[in-house]
Novice: 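Starting off with a structure, shown below.
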2 protein chains.
Amino acid sequence: MTSSAHSAEDKICPHNARQNCSSCRLSAICLPLALAQDEVVQLDEIVQRGRPLQTDELLYREGDNFNSIFAVRSGSVKAYRVSDKGEEQVTGFYLPGEILGMDGIGQNRYANSAQAMEVSAICEIPFSKIEDLSGRLPNMQKHFFKLLSQEIVEDQRHITLLSKHSAEERLASLLVSISARNARRNLSAFSFRLPMSRTDIGNFLGLTIETVSRVFSRFAKQGLIEINKKEILVLDIDALKRVASLAN
Amino acid sequence: MTSSAHSAEDKICPHNARQNCSSCRLSAICLPLALAQDEVVQLDEIVQRGRPLQTDELLYREGDNFNSIFAVRSGSVKAYRVSDKGEEQVTGFYLPGEILGMDGIGQNRYANSAQAMEVSAICEIPFSKIEDLSGRLPNMQKHFFKLLSQEIVEDQRHITLLSKHSAEERLASLLVSISARNARRNLSAFSFRLPMSRTDIGNFLGLTIETVSRVFSRFAKQGLIEINKKEILVLDIDALKRVASLAN
DNA sequence: CGTTATCTTGATAACGTTCAATAAGAGTGG
DNA sequence: CCACTCTTATTGAACGTTATCAAGATAACG
């Protein structure tokens, strides 16, 4: 088995397009708790489920016309933007149940490119439909306001991380985050495979690949984790959290 | 006159509570272009205009119950959050016409504290009223989705700035940003007063106060700007933009 | 007019980058 | 199946940008 991170979802169907929100095991993460049963059905009708994305395939490009937001059903996606300086900046990693593309609403163009880091199944939700639904269902409107707001808070957390925290704190913070997000999907919080490369991690954390590698080695030497390429075994989550200073 | 940045607004009324959105000269920035006249009136009815905030007075605290978002009518406000590490991070500066507090929607608590950097007049807009209005007026809903999304894009821009750009690039970028935001308010793009302290600038840009000071001096020596404490005279905006690498 | 805040400038040091070499896989073709 | 290349990751040494420490200078304020 190459990927422990998928086992739970894969039991049922890896990247199957035949799915609906009501039966999706990720709905607890993806959907508003406040949505009534019949509201979920209405949402379900507008969700499009295409063929899986292959590794490195682009879901959308920075500058593309914005039409839809996307939910990751399986696999994982990174978002990145290119500054005028030509520097690429990874702005987020999206795991199953998480939603991306909302940065496109403001300018009617995506502000990021989104790329699959492995074979991934994606739900596409046309935004015009969301606007319609939100106009009719207050719970739906509330949910999307909240989603957008939470992304703001996430990004501000990340600003703090980049601005005020050391390389060790940043990396520990990422590991704790991924661990927690795995736990939320009922996967192991202590044994998982990082879907992203060292380059992507460094880019996301504002570090070079060399620093990422060194800090990983240091963590391993200190007995906090065991590393085997992308496979991570967390030996001391509390220590990791301490290093992260619960650095949010 | 202590502040050139205020002259245009102050002609009419500095921090007057007797105002409405239809006549407010900032509405072009603050309000959706798409709003019809009668829709503006409806918005106007829910906007609360309190007494002005004094310098350093808090508009809200991180963790406070979220009820309203706020628009700056005059003066300026900074937002900052405290990480678990105890580090304070300035997440944004808000100038007249700009809206803050939207980070509170997601968790029903503000994720930042907001503090006036000078005497400031603020419009308070109860969020529940916005939700009501948005349910009835599609333009209003669209506007707030856009506002939230734009804040996300702004924050991601800032992430890139912190992650990939040098001290000079960061500071040039801030100066260019403030210059542009002044121009949008029909104030001078080349002569203005920075409402924030060096400490706040450094904190916002992920730099120490000493580095901020040094870079300012370097810019002055290079003939890009003239500095007199907080008063800035931009001598070569194109050079500044070049230094910023249009670093967004 | 003295006291406190804030800002500027200099000297030193640290953290992370850069440059460089090596290692370990993954994929390909003979 | 092994040799080959190409990519990705690891490790070391030297350097550089920015932080830290420290001292003055300037402005703000009672």
Novice: Report for the helix from C/dT8-D/dA23 to C/dG30-D/dC1: angle between first-end and last-end helix axes, five pairs each, rounded to 10 degrees.
Specialist: 30°
Novice: For a quick check under 3.5 Å, do B/Ser68 and B/Glu124 share a side-chain donor-acceptor pair by atom type?
Specialist: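 Their side chains do contain a donor-acceptor pair, which is all the 3.5 Å distance test asks for.
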Novice: Distance check needed: D/dT7 P versus A/Asp56 CG, whole Å only.
Specialist: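 Distance, rounded to whole Å: 12 Å.
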Novice: Give me the residues of residues 206-222 of chain A where at least one heavy atom lies under 4.0 Å from an atom of DNA chain C, by number, or none.
Specialist: A/Gly206, A/Leu207, A/Thr208, A/Glu210, A/Thr211, A/Arg214
Novice: With B/Ala114, which residues qualify under side chain to side chain contact (heavy atoms under 4.5 Å, CB included), at least two apart?
Specialist: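 B/Leu59, B/Tyr60, B/Val77, B/Leu100.
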Novice: Over how many whole Å does the gap from A/Met196 atom CE to D/dT8 atom P extend?
Specialist: 15 Å
Novice: Once each nucleotide of nucleotides 24-30 of chain D is scored for protein heavy atoms under 4.0 Å, what B/S/- sequence comes out, 5' to 3'?
Specialist: ---S---
Novice: Identify, with sequence neighbours excluded, every residue that meets side chain to side chain contact (heavy atoms under 4.5 Å, CB included) alongside B/Glu154.
Specialist: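 Expected list: B/Arg157.
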Novice: Whom does D/dG30 pair with, Watson-Crick or G-U wobble, provided both distances fall under 3.5 Å?
Specialist: C/dC1
Novice: Answer whether the closest heavy-atom distance between the side chains of B/Leu174 and B/Leu205 falls below 4.5 Å.
Specialist: yes
Novice: For residues 196-217 of chain A, pull every pair meeting ring pair (Phe, Tyr, Trp, His ring centres under 6.0 Å), keeping only residues two or more places apart or in separate chains.
Specialist: A/Phe93-A/Phe204, A/His158-A/Phe204
Novice: Taking CG from A/Leu205 and C1' from C/dC15, how many angstroms apart are they, rounded to a whole number?
Specialist: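 So the CG-C1' distance, A/Leu205 to C/dC15, works out to 16 Å.
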Novice: When you measure from the centre of the six-membered ring of B/Phe219, is the NZ or CZ of B/Lys221 under 6.0 Å away and within 45° of the axis?
Specialist: no
Novice: Please report the distance, rounded to the nearest Å, between NZ in A/Lys230 and P in C/dA24.
Specialist: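 Rounding to the nearest Å, NZ of A/Lys230 and P of C/dA24 are 18 Å apart.
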Novice: B/Arg170 has an atom CZ; how far is it from atom P of D/dT17, in whole Å?
Specialist: 13 Å
Novice: Just how far, in rounded Å, is P of D/dT11 from CZ of A/Arg198?
Specialist: 10 Å
